Amino acid sequence: MTLNDELDKPLSLPKLYVHHSHPLSKKDHVSLQELCQYPLIAYSKQSGLEPTIAAMLAHEQVKPKIKMAAIEDHTIIGFVHWGFGVAIIPHLPQLANDRVKLLHLDTDKNWHELFAVTKNNHFMTPSLGLRIALNQLQDRYHKPLFIVENGLGAYDKVENGKVHDDYRIDYLRNYISEMEKAVELDGVDLMGYLPWGCIDLVSAGTGQMEKRYGFIYVDKNDAGEGTLARSRKDSFFWYKKVIESNGKDLD
């Protein structure tokens, strides 16, 4: 199967994604009325999927508690992983494995099945999108490519002076693996890759500090409080190994 075949596949709508510890993840059946008791991560108005899901909710005469909205699937899945709420989004075929629990939605029209994502799934799906994008750009422009920014923003916790950010390592490992496939299997001319970023820093747009992207933790919060002391996260040592092996050692 080629990437174009994957792109041409129609998406099935809708599916429900919940955090592995969410109460709904223990169920086999759920109604929209029950679903809407929990905060919902919705599609924004700019998304072409928003009208479809809105029509389903209107038909069932339910009004969800929308916590936040985003236009991209991977952003919504990220919010779900961090426990902000549940989400109804298209089912992506690569999630159909033993780490996904299938739920059924009880409605009078039997709209679709639902899926509950477990912890091992977080941030695994969107990495395929990078490979697809690299192929599309190569086919369109026939120029060498360079990825200058790719990273994961998360609310890191310090435990006994350490930051165990295995979720960031998982995220980067999967994206780098897809880059390798794009180069070695698809023939993409990828010159290089830069993660975002090396050290935690203040967001230029929002002034936020507590959502962190770096391999190095900086002791400062959103109120500007902290010592500014630096400490290396687990991802620092992992990425150091990746660099030393030229991307061969991703374990």
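Every value quoted in this text rests on a predicted model; they were computed, and no experiment measured them.
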Taking every heavy atom of Y239 against every heavy atom of P195, the minimum-distance pair comes out as OH-CD, 3.4 Å
When you group the ILVMFWY residues by side-chain heavy-atom contacts below 4.5 Å and let the links chain together, are I243 and I216 in the same group? yes
Out of curiosity, does Y155 fall in the hydrophobic cluster containing I41 (side-chain heavy atoms, cut-off under 4.5 Å, transitive links)? yes
For residues K181 and R131, report the shortest heavy-atom separation together with the two atoms involved. CD-NH1, 3.7 Å
Taking every heavy atom of C36 against every heavy atom of L57, the minimum-distance pair comes out as SG-CD2, 4.4 Å
How many angstroms lie between CD in E34 and CG in L32, if you round to the nearest 0.5 Å? 10.5 Å
Atom OH in Y43, atom CD1 in I66: separation rounded to 0.5 Å? 13.0 Å
So which heavy atom on A182 is nearest to which on N135, and how close? CB-ND2, 4.4 Å
Using the side-chain contact (heavy atoms from CB on, under 4.5 Å) rule, pick out the option among D165, V242, D166 that qualifies with S235. D165
Tell me, do N221 and E210 make a side-chain contact under 4.5 Å, heavy atoms counted? yes
Compare all side-chain heavy atoms of V86 with those of L40 and state whether any distance is below 4.5 angstrom. yes
Would you give the length of the straight line joining atom CZ of R173 to atom CG of D251, rounded to the nearest 0.5 angstrom? 6.5 Å
Taking only residues two or more places apart in sequence, or in another chain, which ones meet E149 in a salt bridge (charged side-chain N to carboxylate O under 4.0 Å, His left out)? none
According to a 4.5 Å side-chain heavy-atom criterion applied to Ile, Leu, Val, Met, Phe, Trp and Tyr, with indirect links allowed, do L190 and W196 form part of one hydrophobic cluster? no
Take L250 and L172 through the test side chain to side chain contact (heavy atoms under 4.5 Å, CB included) and record every step on the way to the result. CA-CA 9 Å; L250 297 179; L172 293 170; over 6 Å; no
Could you check whether any side-chain N or O of D219 sits under 3.5 Å from a backbone N or O of T227, counting only pairs where one atom can act as donor and the other as acceptor? yes
Heavy-atom pair with the smallest gap, counting every atom of Y167 and K157: OH-N, 4.5 Å
Please find out if less than 6.0 Å separates the ring center of Y175 from that of Y171. yes
Answer with yes or no whether the hydrophobic clustering places I176 together with L134; edges join I, L, V, M, F, W, Y residues whose side-chain heavy atoms lie under 4.5 Å apart. yes
Euclidean distance, L137 CG relative to L145 CG, rounded to 0.5 Å: 5.5 Å
Please determine whether side chain to side chain contact (heavy atoms under 4.5 Å, CB included) holds for the pair Y213 and L201, giving the CA-CA distance in whole Å, both sets of side-chain angles, and the decisive distance to 0.1 Å. CA-CA 8 Å; Y213 292 83; L201 46 75; over 6 Å; no
Intermediate values then yes/no, salt bridge (charged side-chain N to carboxylate O under 4.0 Å, His left out), E244 and K241: CA-CA 5 Å; E244 289 173 344; K241 182 175 62 174; over 6 Å; no
Within 45° cone and under 6.0 Å: R232 NZ/CZ vs F237 ring: no
Applying the salt bridge (Lys or Arg N to Asp or Glu O under 4.0 Å) test to D156, which of K211, K162, R212, K233 qualifies? K233
Between M191 and V188, is there shared hydrophobic-cluster membership here, with clusters defined by ILVMFWY side-chain heavy atoms closer than 4.5 Å? no
Check: R230 side chain, L228 main-chain N or O, donor-acceptor pair, under 3.5 Å: yes
